[in-house]
Every structure is written in C-alpha cells, then in structure tokens.
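See below for the structure under consideration.
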Number of protein chains: 2
Amino acid sequence: MSKVSIRTPDIVIGRLPIYLRVLEHIASNGTRVTSSQEMGEHLGISPAQIRKDLSHFGEFGKQGTGYDVVYLRKQLQRILGLQQDWDVALIGAGAVGKAIMRYAGFRGRGFHIAAVFDNDDSKIGRKINNLKILHVNVLKSTIHQMGIRMAMITVPSEQAQKVADMLVEASVEAVLNYAPVNLIVPPEVHVQHIDPVVGLQHMTYYLSSYSTLTQG
Amino acid sequence: MSKVSIRTPDIVIGRLPIYLRVLEHIASNGTRVTSSQEMGEHLGISPAQIRKDLSHFGEFGKQGTGYDVVYLRKQLQRILGLQQDWDVALIGAGAVGKAIMRYAGFRGRGFHIAAVFDNDDSKIGRKINNLKILHVNVLKSTIHQMGIRMAMITVPSEQAQKVADMLVEASVEAVLNYAPVNLIVPPEVHVQHIDPVVGLQHMTYYLSSYSTLTQG
DNA sequence: TAGATTGTTAATCGATTAACAATC
DNA sequence: TAGATTGTTAATCGATTAACAATC
C-alpha cells in the first residue's frame, strides 16, 4: 500500500482568495506581521481553521510570531496561480458587461479583460475601455489565437447556455457566469456564479418571520 | 427532556435560492412537474440532498410523481420571505451602483431598490432610474422613515467599513457588499459579499500548475 | 526566560449519501 | 398493477475544533 496523496478539498481552495483579500487589507494598513487569530477576527473564522487550511500547502508562519504579511500573500498568490495576470474574455457588451469592463478591481488582483464579444451588429467595432467589441462569430478563433482560458458571461439569461456551449467548444476552461441560470457544462469545465439576488434571498430568510416563528 | 428543535443549517438555507432559480428555469420551459433527480442534474447536486434539504421545511412532493413546479416554487418563496418585494437601499452612486440600479434582475425575484445615497455633492439630486440620489447625511432618517431593512454597498473599498457602520447605526439588518473588503459588523447583522475576483481566483487554482503538479 | 503562536493530531461535530418503506 | 419517486433513517464521509508539543 503506497501513501495516498489527498486532494485538497475544494472548500479549502474557496477560502484562499478570502484569506488573500484579508492579507491585502491588512497590508494596506502597513501591518507587517499577522496571526491566524487576527485574520480570523476579520473573517469570523476560527484561527484553527485558517492554520489547518494553510497546512495543506506548507508551513508559512513562525511559532510565537505569526505570519509575515507580504510573504504569506505571495505564497497564496503562487498557490492560486496569480503570479501573472490571466486574460479573460467577456461575452455580452450590455449594461452589465460595460460596468464590468470599467470596473477597476480586476487589475492588480490577477485578471485582465482581453477580449469582448457581442452578437449585436450595431455594437461591433465600438470600443469599451479602448477594447473593440468583436462579433461572437469570431469567438472561437480569437480565443484560440489569444490563448484565453477564462471567460465571463454577461448576456441575457436566455442566451447564457448557448454562449456557454460556444465557450466549451472554444476550449475555455473556467467561466464566471453573471446570468441567473445554472449552466450545464462538461465536468472538466469550472463554473462560478455571480448572482446578487441569491445573496439577498439567503438573508431574507433570516429577516422574515419564517425562521423565527418555526425555529429558535 | 423535551424535544429540541434543531435550527436548519445555514448551508441548507443558502441552497434554497439556488433551488428557486432552477425551478424558475424549469417553469420557463413550461414544465409542470419535476423531480429531485431532474433538479439535481441541473445543479450537479445529488437528488438525496435536495430531498433532505426540503424535508427541513415540510413535504412538498408526491411519491411516484415528483414536485409540482409552481407549488414548490411558491413554497420556497414563502420560506425565504419573498411573498412581497423587499425595499433595499443602495449606497454609492458610482459606476457599479449605477449598473445595479439599471439591472433588471431584482424585480420579479423579490427586491426593489427604494433609495440611493452618495456623498458626492455634485451627484445629489440627480436621478438614476427615476430615483433621486440622496446625501448620506440623510441615510439614517430616510432608512428609518421608509422602514428599509436591507442595503447594498457599492462605494470604494476604503469607505465600505464606514458605510457599514452607518448602516448598522441605522438598524439595517442585512448588507450585500460589493466592495472587496471584509466588513466587521455585530453578529446580528447579516452580510453577503459579491466579489467576482474571488470566484475567478478560486478557478485559477485548478487552471494553474499548482494543483496538478503537487496533487492528483 | 516567559509569552505567544504555529503546525498537527485526535476528537468532535455536522453534512452527505445510500437505502428503502411508503405510496402515488 | 408495475414503475417511479418521495420522505426519512442510519451509515458514511468529511470538515471543524480543541488541545498541545514544538519553538520562535
């Protein structure tokens, strides 16, 4: 029996970007050293969990001292593959797409929108943020040519699945979907959803009488 | 020993809006009856988990048949407190705030942006979507007057915590935060984050060499 | 040195799944 | 009736936490 290497749980991977965000926040205060205790307070997560999560990837701290903020941040960036920026394609140059194009928060956190597509002829050739809107019929060729591996979908719900199929066909491996529908893609393609309504609905449960009337 | 009523796990509550979204999708196809099997296929969730989750709240299906789509949808809406729309305040009338104001996806899913605030004098009094931008110095009084219980934060990161403090002071109970910082609020206040970068960073882990070189 | 905090183990806790009687 | 699918129990699986030796 050889030792079996255990794959790091996805739920742990999902917390790493949050840890990274906290470290960026702490660093922006000029703080040089932090601890699992301090990070946990920012996040409402137990210090033990943070240490356990990090232990999947190595030893990054010093007993008695804690973690060097800059060093741990670099390590997390390396683990998440954020040493260089990733080119991302955006499909859908409507209101949401435009807002994302103009959103400054991607640069500096590992991402760069490198191509924009739409199917509305009247939009093709126009520029958003100095980037020409391309027709979706050149999506596959452009994505291949540019070596793009990630995409964001900002088209209306009815068209989201069709766009997802095109992206899969173009060998895109990761999709951030802003349309409030659940995409069906092959298992090797990663999908994350951005749906503000889901977050709001989650919270209304606790604000409405249901939880308090029927439970604690 | 009296029977102890177990509080439904938060992770279950978090899946209900997803189930609701799938039901809306299924209903939009004109389908009348569905099953845990079919819902699970849409979501990549096991049928057993869906049934278990629903069983926390009652019995909504028929053996041998499945679930009436319209009925189950109504029940989920009731459980989540979505029988009526919730008024939501939005703080930050910048690019992100404007895009959200114009986003059509809130109406019809339980939410209505009822007030917009900013601290930029040049914006006060202007209208977005027919709603006058108010100064943050009337935030507390307006929110009280209108009975608003939820808010969205779309201000720059540096100001997000300050705004969160104001919202807590105004007795807001639930906050959807678009700024990429972790807010510190009292435990009775609910917070959800919208940070597209977190979703992207989660996926780059799997696209980068780290996971494949060191693991599976 | 004394105090603090890590990394890790073992125990606990909680969530998911498999299986099946009930029944439409 | 035969087939399908629910709701629920018990078993399994996995994640979190408590505790502490190691050590800065």
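Just so it is clear: chains get the letters A, B, ... in the order the sequence lines come, proteins before strands, and each one is counted from 1. On a predicted model such as this, the values are computed, not experimentally measured, just so you know.
- Paired runs in DNA chain C that reach 3 or more consecutive Watson-Crick or G-U pairs, where each pair keeps both distances under 3.5 Å, cover C:3-24 with D:3-24.
- Residue B:Ile13 contributes atom CD1, which lies 11 Å from atom P of C:dA15 at whole-angstrom precision.
- Look at A:Gln63 and you won't find any side-chain N or O under 4.0 angstrom from OP1 or OP2 of D:dA22.
- A donor-acceptor contact shorter than 3.5 Å links the side chain of A:Ser46 to the backbone of A:Gln49.
- Within the structure, every side-chain polar atom (N or O) of B:Arg15 is placed at least 4.0 Å from both OP1 and OP2 of C:dA15.
- Comparing atom distances between the B:Ala48 side chain and each of D:dG7, C:dA15, C:dA18 picks out C:dA18 as nearest.
- With B:Thr204 contributing its side chain and B:Leu207 its backbone, the two residues share no donor-acceptor pair below 3.5 Å.
- If you measure from atom CG of A:Asp53 to atom P of C:dT6, you get 13 Å, rounded to the nearest angstrom.
- The distance between atom CD of A:Gln49 and atom C1' of C:dC13, rounded to the nearest whole Å, is 13 Å.
- Here A:Pro47 lies out of heavy-atom contact (under 4.0 Å) with every strand.
- Within 6.0 Å of CD in B:Glu188 there are more than 12 heavy atoms belonging to other residues, nucleotides or ligands.
- For B:Ser35, counting side-chain heavy atoms from C-beta on, the closest listed nucleotide (C:dT8, D:dT5, C:dT17) is D:dT5.
- In terms of modelled atom types and a separation under 3.5 Å, the side chain of A:His42 and the main chain of A:Met39 share no donor-acceptor contact.
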List the steps, then state whether side-chain contact (heavy atoms from CB on, under 4.5 Å) holds for A:Met150 with A:Val175.
CA-CA 6 Å; A:Met150 314 184 81; A:Val175 174; over 6 Å; no
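- When rounded to the nearest whole Å, the span between NZ of B:Lys52 and P of D:dT9 equals 9 Å.
- Atom CD in B:Glu59 sits roughly 12 Å away from atom P in D:dT6 (whole-Å rounding).
- In this structure, A:Asp10 atom CG and D:dT16 atom P are separated by 12 Å, rounded to whole Å.
- An OP1 or OP2 oxygen of C:dC24 is reached within less than 4.0 angstrom by no side-chain nitrogen or oxygen of B:Tyr67.
- The shortest distance between side-chain heavy atoms of B:Val198 and A:Gln192 does not fall below 4.5 Å.
- With B:Arg21 contributing its side chain and A:Asn182 its backbone, the two residues share no donor-acceptor pair below 3.5 Å.
- Between A:Arg51 and C:dG7 there is no side-chain polar atom (N or O) within less than 4.0 angstrom of OP1 or OP2.
- Regarding B:Tyr19, its OH atom lies at a distance of 13 Å from the P atom of D:dT6, rounded to whole Å.
- In this model, the phosphate group of C:dT17 is approached by a side-chain N or O of B:Ser46 to a distance below 4.0 Å at OP1 or OP2.
- Considering only the side chain of B:Ser36, D:dT6 comes nearest among C:dT16, C:dT17, D:dT6.
- Closest of all the heavy-atom pairs between A:Leu82 and A:Gly110 is CD2-CA, 4.3 Å.
- C:dT17 atom P lies 15 Å from atom CG of B:Leu54, rounded to whole Å.
- Here the nucleotide nearest the side chain of A:Ile11, chosen from D:dT16, C:dT16, C:dC24, is D:dT16.
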